[in-house]
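For reference, the structure discussed in these notes is given below.
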4 protein chains.
Amino acid sequence: MLFADGGRAAVSFDQVARRAGASRTAIYRRWDTREALVASALRAFRAESETGLEDWADRPLEEVLDLFVERAAAALEDQFARDLLRQLVALGPDGGAITQTYLVEMFAPRRDAFSAKIREAQDDGQIDPALDPDLMQDLLAGALIHRLLLWGDLATDAAPKAYIEAVLEAAGFPRRPGHKTLGA
Amino acid sequence: MLFADGGRAAVSFDQVARRAGASRTAIYRRWDTREALVASALRAFRAESETGLEDWADRPLEEVLDLFVERAAAALEDQFARDLLRQLVALGPDGGAITQTYLVEMFAPRRDAFSAKIREAQDDGQIDPALDPDLMQDLLAGALIHRLLLWGDLATDAAPKAYIEAVLEAAGFPRRPGHKTLGA
Amino acid sequence: MLFADGGRAAVSFDQVARRAGASRTAIYRRWDTREALVASALRAFRAESETGLEDWADRPLEEVLDLFVERAAAALEDQFARDLLRQLVALGPDGGAITQTYLVEMFAPRRDAFSAKIREAQDDGQIDPALDPDLMQDLLAGALIHRLLLWGDLATDAAPKAYIEAVLEAAGFPRRPGHKTLGA
Amino acid sequence: MLFADGGRAAVSFDQVARRAGASRTAIYRRWDTREALVASALRAFRAESETGLEDWADRPLEEVLDLFVERAAAALEDQFARDLLRQLVALGPDGGAITQTYLVEMFAPRRDAFSAKIREAQDDGQIDPALDPDLMQDLLAGALIHRLLLWGDLATDAAPKAYIEAVLEAAGFPRRPGHKTLGA
DNA sequence: ATCTAATCGAGACGGTACGTCGCGTCTTGTT
DNA sequence: AACAAGACGCGACGTACCGTCTCGATTAGAT
C-alpha cells in the first residue's frame, strides 16, 4: 500500500488513480484531500484485517493479557502492518483526519475493552485496585511496538511473555512459584 | 530541520542547497546520496544536543532509573526531538545509513551503559540476577515513546514514575512501604 | 454565437445544452454530430438575417453592381457576420456538412442571380459577351472579403466604389467622363 | 503543423511538447503564451519557405504583375499553405501577436515592394497616376484568396491571367490587340 | 606571472505531481 | 419513452519542485 510504503506524501492522487485503473479525475471526485484518501485506505485495511474484538468477559486475567499481547505481536509480524504503523507514528497525534481514523476507530475500542477487563479484575480483588489500566497497556504495547518498530526485532523470543509477567508482578497478581520475571 | 518535518523525502538536495546558500552542485559534490545528507544532519544534531553520558557508576539503582527515564522524557518534551524520533521510527530498522547512524551512534551507547549498570546491580544482589536488562529498557523506553509519539501525551503526569516503580517491582527490588505501583 | 466565436471546435454539445437550458442527452437525441449542430445553427442564422434576394431583373447593370457590393459590405460591417465568415473560411471547402450548408444554401443563390443579370447585360450588348461573370464576382467579393477579414478594414472608404469602377472598366462598359478608376 | 490543422486552439503546449520530443516544462520555459508559440511556428515556416523578394526594379510592369499573382497562386497550391492561411483568416486582424507576425513580417514587405513598383510605373507614365496600388492588390490577391480558400478552386485555369488583364485594363494600361479581359 | 585544473553558480531539461476545467460517452433513475 | 442528473475517462491547463547535466566564470595551484 502506498501509505505504508512512503507515508502520507506517497499517497498521491496520481498513483492512486493509476493503481485503481481509474482516472485522476474520478479520484478527485470522491476524495477532495489527500488525507481523506489515506483515511479511506486505513478503514479499508481495517475492515479487511479486523477480526472483531474477542469476548474477554469470561476469561481469566492472565489469559486476557496473553491474548492482548499475542494479538499485538501477531499483527506486527506482518511486515505490511509494521510499515503501516510506522507511518502512523510518523504522522503523530496531529495528523488530522488520518490520526483520528486510526486512533479513534482502530486503537481506542480495543484499549477500552482491555481497560474494562482490568477494572473487572480489580472488582474481583485479583489485582491492586489502585492500578491504572492505561499504564499497564502503555508498558505492554509500548515495549512491543518500540522494539519492533525501532529495532526491528524482539530482544528475545520470550519477550512478550516476560512483559506480561512483569506487569502482572507489578500489579500484585499472585504468581505461581517458578515463574520467570523479565528473565531472559 | 527538514528531516524532522517531512522525513527522508523532504531532505532534498534542492532545499539543502537553498538553505545553505549554496548551489546544488556544491551539495552534490560533498554528499552523493540523500541518505548521506540525512546522516550528516543527524550527526550534527547529535553533536549539538548531546550532553554526554552521565557517569552512572556510583549512583544507586533507583537514581539511575530515574535519570534514565527523566532524560528520555525531557528529550521528548521538545517538539523538534519528538518529530525527529517520529521520522526515525518511520524509517525503521531498514533505513540504511540513517538508521545505522542513530541506532548505533545515538541509542546504543546509552543502552549499553544502562545495561552495564543493571548487571552491576545484579552482581551486588540488589535485583534478580536472571533479569534481562534489555527487557527492562524496552518497558521503560517503550512505554514513554509509545505514549508520546502515538498518543501525544502521557496518561498521567506521574506516568514516568509509575513505569519505574513497576519495573522495579517486577525486578524484585525491595520497595519502601506505601509506594505506588502503576497507580493512578 | 458559439461557432462565430471559436469555430467548429467551440460548438460543443455541452455548451449548446447549457445555453438551451436542456440536458446533453436531449441535444444528442436531436443532433448526432457536431457538424449537424453547426449546420443547424447556420440555417437558423440565415433564416433570421436573410431578407431575401432583391429582384435585380429590371435594374440597370450599374445599380446591380452597386447593390451587390453594398450588400456585401453592409453584411460584413457587422462584427458578428465577419466572425462567422472567418470561421467558414477556416473550415474551407472541405468542411463537410457545414460547408455544404453555407456554400450551397447561402452563397450560391446570390451568385447565380448575379450571374444571370450579367448574362442579361451581355445579351443586351452592354458589356463584352465574352466575360465570365464568376470572375467578376471573384474580383468584387474577393477584394472586399480579403480586406475586411485579413486586414480588418478597407484601404479607403471609397474602395467598394473603386472596385466596381475597375470591373466595369475591364468589362468594357462605357464610362461617364470624369469617373475615377481605382483612384484613391 | 498543428496550427494549420486546427487553428490557435490546436496548438496546445501538450501537443507541441509531444511532437518536439520534449517535456511540457521545457516548452513553457521558452514560450509563455500560446500565441508566442504560434508566432514562433509562423516565423519558422516563413524562414523555411521564404525565397526572398524578387528584385522587381528592372522588370516591365506586366511581368511584375504576372510574378505577383503567379507567386501567390503557387504558394496557395500547397494544401498546407492554404490551411495555414485559412487559420490566419480565422484569427483575423485582432489575433494579437500572431496577427502581427504574419501581417507585418510576412505580408507587408511584399505588399510594399509591389506598391513601390506601381508608383514607379506611374512616374514613367505607363499607367494612370491616380491609381491606388493597394486597391490593385486587393483585387488581385483578394480574388485569388477568396476563390481558393472559400470555394477551393479557381473558376478557370486562366483566372489568374484574367484578373491581371482586368486590373491592367482598369489601370489604363495600353493593351495589345486580341487580349482577353475577364474572358472565360 | 601565466597556464591549468578544480570548484562553483546559474540554469536548462525531463519527470512527476498538483488541482482544475471542459468535453463526449454512458449509466441510472424519474417522470 | 423521453428526460435530467451525474459519473467516468480523456486531454489540457499552468505551476512547482526535484535530480541530473551542461555550461561559463572564478579561483587556486603549479609550472
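All chains are named by letter (A, B, ...) in the order of the sequence lines, taking the proteins before the strands, and each is independently numbered beginning at 1. Heavy-atom basis, side chains included; hydrogens, waters and symmetry copies ignored.
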Quick one: on DNA chain F, does C:R30 or B:D32 contact a more 5' nucleotide (nearest heavy atom)?
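In this pair, the answer is C:R30.
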Atom-pair distance ([atom1] on [X]; [atom2] on [N]), nearest Å:
X: B:L2; N: F:dC18; atom1: CG; atom2: C1'; answer: 13 Å
X: B:D5; N: F:dC17; atom1: CG; atom2: C1'; answer: 17 Å
X: B:R8; N: F:dC18; atom1: CZ; atom2: C1'; answer: 16 Å
X: B:L37; N: F:dC18; atom1: CG; atom2: C1'; answer: 13 Å

Output yes when a side-chain donor or acceptor of C:R46 lies under 3.5 Å from a complementary backbone atom of C:M106, and no otherwise.
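Not at all, since once roles are kept as given, no pair shorter than 3.5 Å links the two residues.
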Hey, does the side chain of D:R24 reach the backbone of D:A17 with a donor-acceptor pair shorter than 3.5 angstrom?
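Absent.
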Pairwise 5' ranking along DNA chain E for C:V11 and A:Y28, keeping only the more 5' one:
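The answer here is A:Y28.
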Ring-ring centroid check C:F45 C:F3, cutoff 6.0 Å:
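No, the ring centres sit 6.0 Å or more apart.
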Lys/Arg N to Asp/Glu carboxylate O, A:E77 vs A:R82, below 4.0 Å:
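Judged by the 4.0 Å cut-off on N to carboxylate O distance, A:E77 and A:R82 do not form a salt bridge.
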Which protein N or O atoms sit under 3.5 Å from an N or O of nucleotides 10-12 of chain F?
{"unit_1": "F:dC10", "atom_1": "N4", "unit_2": "A:T25", "atom_2": "OG1", "d": "2.7"}
{"unit_1": "F:dA12", "atom_1": "OP1", "unit_2": "D:Q15", "atom_2": "NE2", "d": "3.3"}
{"unit_1": "F:dA12", "atom_1": "OP2", "unit_2": "D:R18", "atom_2": "NH2", "d": "3.2"}
{"unit_1": "F:dA12", "atom_1": "N6", "unit_2": "A:R24", "atom_2": "NH2", "d": "3.3"}

Between protein and nucleic acid, restricted to nucleotides 24-26 of chain F and to nitrogen or oxygen atoms under 3.5 Å apart, what atom pairs and distances do you find?
none

Do [X] and [Y] have side chains that approach each other closer than 4.5 Å (heavy atoms only, starting at C-beta)?
X: D:Q87; Y: D:R8; value: no
X: A:R86; Y: A:D83; value: yes
X: A:T99; Y: A:L88; value: no
X: D:R43; Y: D:E105; value: yes

